[in-house]
Number of protein chains: 2
Amino acid sequence: MNTYRYEENPIITPADVRPYHDGFEVIGAFNAGVAKFNDEVLLLLRVAERPISDDPGIVKAPIYNPSTGLLEIVDLRKEDARYDFSDPRIVRDVTTSAGFAYLTSISYVRAARSKDGHNFTIDDNPLIYPSNDQETFGIEDPRVTQIGDTYYIYFSAVSPVGIGESMVSTKDFIRFEHHGMIFCPDNKDALLFPEKIGGKYYALHRPTTKSIGSPEIWIAESENLLYWGNHRHLIGLRPGMWDGGRIGGGAVPFKTEKGWLELYHGATPDHRYCMGAVLLDLDDPSKVLARSSIPILEPEAVYEKEGFFGNVVFSCGVLVEGDTVKMYYGVADTSMACAELSLQEIMDSLTWE
Amino acid sequence: MNTYRYEENPIITPADVRPYHDGFEVIGAFNAGVAKFNDEVLLLLRVAERPISDDPGIVKAPIYNPSTGLLEIVDLRKEDARYDFSDPRIVRDVTTSAGFAYLTSISYVRAARSKDGHNFTIDDNPLIYPSNDQETFGIEDPRVTQIGDTYYIYFSAVSPVGIGESMVSTKDFIRFEHHGMIFCPDNKDALLFPEKIGGKYYALHRPTTKSIGSPEIWIAESENLLYWGNHRHLIGLRPGMWDGGRIGGGAVPFKTEKGWLELYHGATPDHRYCMGAVLLDLDDPSKVLARSSIPILEPEAVYEKEGFFGNVVFSCGVLVEGDTVKMYYGVADTSMACAELSLQEIMDSLTWE
């Protein structure tokens, strides 16, 4: 597959983003939702900020306090045997079975704007910031679905009670309406289809289960985008393949002549994240027509292989112009990049069911 | 609290239920949903059947095949180090972090009918049986909410892709309409309120999270009972108390003068299941008004303490007549019992927020 990675890649790095919080450093500007607004390309960056620690023996965990609207910081001593600090993104409490007890950074959404899609100017202030007790550990991995003149922006809301998917909407990227949590914990990687299909809205989502089951992609229906039901399992892991460890929705699905094309992420059990595609029936997106046997994009460039959490390409949105798919994607949980792919080549690469 | 346990307790035992499957034994008739229909009390029993094994070295796991409509049986050797058989209800695959890989029985819903609420006649055939690929490990713990002349019956749908809450509805307990999965995995213990409140339907539900969070009770909203959103965390565990290990909705919430009363189950970390109560605001059931500091019912009778999985009282439904709360409840994951409690005494026992 011919992949044109932008010469400017990574197009946005943490160094381009001024910290919003005093005493913090920006460690990630990545996994951005994508929108076209007033002839500009908007990247809704996930910005991750980390408290600067003077003491190498201390890991700091930032927590949003919804009562005060301020961040509070918990100091964790590295020698504390209760905690496992081996994953730089999280702190595990080894006395529990939970995936994490704290995050080492707090994420929120900040806009980057561009006329040409290559060169971006980053807003000084957050666009969407934690605002309630379901977001005390931050909001992550925003996606944007435009329906008419309304932009629906949804993201992972992270707090001690779980990770779910919450949603806001806006017409102007100034005033936002909050719609609460649309998929309850554990859930991530929701993606709303941009139009009704057979009279219903559809969404992809990615439950993470504890009792049984794997991190796989499900589909749900709605009448109003706020309330969701008829949940069905859509596609699963493929052991031994590029998407054998975990999968989740990536870019907002878009319509092609042959079906709805969803560019999703898949990881191996050792956390190498690639992008691939799945083609869904135009009239019934719960029907899988074809899927990538090999990735359409995998971590190859240095900025994709090295960073805060390396070997990750992770797209939350694309712009499609004719045969050109401009895929914006987070790299190494650190920065943003963009690659152009041929829609026809993606379609030709799929393995039909 | 004055608790009147029926003299007939346990009112239904596995010995009262003829196996539906050749070569199976009924090991549980428990955790029944409760409905009033045509002047009868209907208990929608969770019936668990287990393949009879001649070989003590083999544990058999039944799996429903949606293509054939038949059960298939997987033989697991007890000496196989890959599996952990210590919990009689499940088989764990120790090479994974999943809670279980197989169930040792398959559950479905069967009706028991009574004129007096004490003596029941059990149907010969299942009322609701697994019917799709989300129910291959069975359907469990049904609850019934009557709205007008329609009975909404919802239950845990268990399969290798996860445990979610699915729903059917009926007006006559003969013809059933299937509404699919209303809460995606991992979720159990859904409870639909029996009327609209402020123009919206409400439900309690119990996500089980892997990343972070505990098995606790959430509340959601709906316009049509099928699609749910605005998920909010309602009440959590109370370490050291009777509900410090896990909690979940129990009986269908009912209206009192002071608020919606929900009789929920709570367990300690060592799996002692009791029933307690939480009182929710009449106009906004996301507001918690009061809660049981001590259980309203705990395992004390022999049939509650001993059985397939002992020390469990677990109610899925009540009948309220004046001050009398007739609480039907599963005991020891084995049988059904009933106890009458005073509504006033329950209310008086609550600790207000």
Side-chain angles (χ1 to χ4, degrees), chain A residues 90 92-93 96-103 132-134 137 156-167 178-188 200-201 205-216 218-234 236, chain B residues 90 92-93 96-103 132-134 137 156-167 178-188 200-201 205-216 218-234 236:
Chain A
I90 60 171
R92 272 203 66 226
D93 180 339
T96 77
S97 64
F100 65 92
Y102 297 99
L103 300 183
N132 60 55
D133 58 7
Q134 294 178 336
F137 286 170
S156 302
V158 188
S159 82
V161 295
I163 304 177
E165 279 277 323
S166 292
M167 186 166 77
H178 284 255
H179 301 292
M181 188 171 276
I182 56 173
F183 295 106
C184 71
D186 269 349
N187 213 304
K188 279 186 172 182
K200 284 176 187 152
Y201 291 110
H205 61 95
R206 211 288 303 279
T208 303
T209 57
K210 184 176 184 178
S211 61
I212 191 168
S214 300
E216 299 180 329
W218 288 59
I219 189 165
E221 300 172 6
S222 176
E223 289 175 344
N224 63 4
L225 300 169
L226 307 181
Y227 302 149
W228 294 90
N230 197 18
H231 298 275
R232 286 173 287 174
H233 182 265
L234 185 69
Chain B
I90 60 170
R92 272 202 66 226
D93 180 339
T96 76
S97 64
F100 65 93
Y102 296 100
L103 300 183
N132 61 54
D133 59 7
Q134 294 178 335
F137 285 170
S156 301
V158 188
S159 83
V161 296
I163 304 176
E165 279 277 322
S166 292
M167 186 166 78
H178 285 255
H179 301 292
M181 189 172 276
I182 56 173
F183 294 105
C184 71
D186 267 352
N187 213 304
K188 279 186 172 182
K200 284 177 187 149
Y201 291 110
H205 61 95
R206 210 289 301 281
T208 304
T209 57
K210 184 176 185 178
S211 62
I212 192 168
S214 299
E216 300 179 330
W218 288 59
I219 190 164
E221 300 173 6
S222 176
E223 289 174 344
N224 62 4
L225 300 169
L226 307 181
Y227 303 148
W228 294 90
N230 197 18
H231 299 276
R232 286 173 287 173
H233 182 265
L234 185 69

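Below, chain A is the first sequence line, B the second, and so on; all start at residue 1.
Residues passing the salt bridge (Lys or Arg N to Asp or Glu O under 4.0 Å) test with B:E221 are B:K200, B:R232, sequence neighbours excluded. Annotation: salt bridge (Lys or Arg N to Asp or Glu O under 4.0 Å) contacts of B:D93 (sequence neighbours excluded): B:R82.
Among A:R92, A:K210, A:H231, the residue making the largest number of heavy-atom pairs under 4.5 Å with chain B is A:H231. Contact count versus chain B (heavy atoms, under 4.5 Å) is highest, among A:N132, A:T208, A:I163, for A:I163. In terms of non-hydrogen atom pairs under 4.5 Å with chain B, the most contact-rich of A:P207, A:G213, A:P185, A:A98 is A:P185. Of the listed residues (B:P160, B:S214, B:G236, B:G180), the greatest number of heavy-atom pairs within a distance under 4.5 Å of chain A belongs to B:P160. For the options A:S159, A:S211, A:G162, heavy-atom pairs under 4.5 Å to chain B are most numerous at A:S211.
For chain A, no part of B:D133 is nearby; none of its heavy atoms comes within less than 4.5 Å. For B:I182, the part lying near chain A is the backbone, with the side chain staying farther off; criterion is any non-hydrogen pair under 4.5 Å. There is no contact between B:S166 and chain A, counting heavy-atom distances below 4.5 Å. For B:A101, the part lying near chain A is the backbone, with the side chain staying farther off; criterion is any non-hydrogen pair under 4.5 Å. Looking at B:T96, neither its backbone nor its side chain comes within 4.5 Å of chain A, counting heavy atoms on both sides. Looking at B:F137, only its side chain comes within 4.5 Å of chain A, counting heavy atoms on both sides.
Remark: of the listed residues B:W228, B:Y227, B:Y201, B:Y227 is the sole one forming a side-chain contact (heavy atoms from CB on, under 4.5 Å) with A:Y227.
Residues B:M181 and A:N230 fail the side-chain proximity criterion, which asks for heavy atoms closer than 4.5 Å. Residues B:V161 and A:W218 form a side-chain contact, since some pair of their non-hydrogen atoms from C-beta on lies under 4.5 Å apart.
One distance of note links OG of B:S222 with CD of A:E223; it measures 8.5 Å at 0.5 Å rounding.
Side-chain N/O atoms of A:D186 and B:T209 include no donor and acceptor closer than 3.5 Å.
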